Amino acid sequence: MVAYAHEPIVAIATAPGQGGIGVVRVSGKNLLPLTQTLFSTPLKARHAHYLDFNDANGTPIDKGIVLFFPAPHSYTGEDVLELQGHGGPAVLRRLLERCLEAGAHLGLRHAEPGEFTHRAFLNDRIDLAQAEAVADLIEASSEAAARSAMASLSGAFSHQVNALDERIVHLRMLVEATLDFPEEEIEFLEKYQAHEQLVSIQNDLNEILQQAGQGMILREGLHVVLAGQPNVGKSSLLNALAGDDIAIVTPVAGTTRDKVVQQIHINGVPIHIIDTAGLRDTDDTVERIGIERTWAEIEKANVIIHLQDIRSPEDPLDSDITERLPARTPVLNVFNKLDLATEKPTSTDSRLYISAKSGDGLNELRQRLLDIAGWKPTSESPWLARERHVNALKSAAGHLELAAQHAQFNDSVLDLFAEELRLAHEDLCAITGQFTSDDLLGEIFSSFCIGK
Ligand code: GDP
């Protein structure tokens, strides 16, 4: 991703493939000359014109709606031209080429991924958290995630962060004013009730952090690996949770040789379930590679479901698997084929009994997965959050905690108190993008799709 470039950009803004409508979008400082080359009619601002889209010789390529949004009242804050034609790949490519040709003298070029939104950010149309919400809204895989992304896009998250930041800045201003006039440095912290202000800011930050944690779960989901010996029912469980047949289920051991990933939703939370090759000793080279990959997946998992056959609960091979599982990752010990068991034990905290075949115990398994994710159905998740936001909020909380420690020494270390407030302020600003490195911006915007 380049830093702000001034030349106009163009891209097909709709998804590749066929559709009723396809949109080509152009953004630039001054697109008037381009509109004049493309159309003989002058374009009224924000007015739908139904016009021919002609090639350089005047032969129609398509006919459709043209919208012109003069700066600054547009998505990017620059002039924006939208051509809405028929949604076919060939016709849209021709329209794109026509724009590039007609705008060549202006330096018009293909847009890079996320470049329209990057410009919107650089022109202060939206802040960084809102720009990220644009991508999150497009990528949202559940209705809950889409709703929360929209709330972030409308500024709900940024607003809370900014309101908190203003209080930190205000407190810091009071401290710095005191530091500038040392002769008046009399019991500053007491006079301005700084302790109380700080505690209240810390409480509110913790509240935002808690909500951001929920928002992050909603965005990132949970990576769950199904591990266990061959034939215990891993693929059957995946299918039962997913509700359709995506993994091959056979009574022959060692069928799943590579991983199968399926995304399901539990109460709107995305759960990425990874079915893996059954873990056993084998001479089959292909199967062995599958097993090595299983262990690699296990290392990356947020949660491991160690699936076992209820009819052989103390299998030494399962003890071997248990021993190899990483200690840092939560493991659910799940015993399958409850329908075949002569006795029907009830699940405990450490053991869950299910039948992938009959569906018994699956709701409890779903609930356990949500519990492990930290999902609290009662707590609201008004906006989506990314790991970056949660880390910045945690860092700000750390600085406020240090400020609180300095405050215990009353006014003797006011400068250190002020410094921690400054650092907390910088962390919050990083969320909305007031202090952000070009590298980070590049990383964020390059993950967008082209045309956005
Ligand atoms: P994997 O190798 O661990 O993926 O096991 P599969 O899902 O391929 O299942 C192995 C065999 O066990 C198949 O014949 C399944 O139909 C059967 N199976 C799986 N789960 C259950 C269950 O809950 N009850 C019963 N009776 N059979 C099951």
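Numbering of residues begins at 1 and proceeds along the displayed sequence. As the structure is a computational prediction, the values presented were derived from the model and not from experiment. Ligands are counted one by one from 1 in listed order, and the atoms in each one are counted from 1 as well.
At least one N/O-N/O distance between Gly233 and ligand 1 falls below 3.5 Å. No N or O atom of Leu340 sits closer than 3.5 Å to an N or O atom of ligand 1. Here's the thing with Ser236: one of its N/O atoms is less than 3.5 angstrom from an N/O atom of ligand 1.
A salt bridge does not link Lys452 with Glu115: every distance from a Lys NZ or Arg NE/NH1/NH2 to an Asp or Glu carboxylate oxygen is 4.0 Å or more. With respect to Lys234 and Asp275, no salt bridge is recorded, no charged nitrogen being found less than 4.0 Å from a carboxylate O. Using a cut-off of 4.0 Å between Lys/Arg side-chain N and Asp/Glu carboxylate O, Glu297 and Arg293 are scored as not salt-bridged.
Counting heavy atoms closer than 4.0 Å to ligand 1, residue Ile354 contributes nothing at all. Proximity of Asp339 to ligand 1, defined as any heavy-atom pair under 4.0 Å, is confined to the side chain (atoms from C-beta onward).
With Gln229, Lys337, Arg311, Lys234 as candidates, the residue nearest to atom 12 (O) of ligand 1 on a non-hydrogen basis is Lys337.
In this structure, Phe69 and Glu82 have side chains that are in contact, with non-hydrogen atoms separated by less than 4.5 Å. Here the side chains of Glu299 and Pro326 are in contact, with some heavy-atom distance below 4.5 Å.
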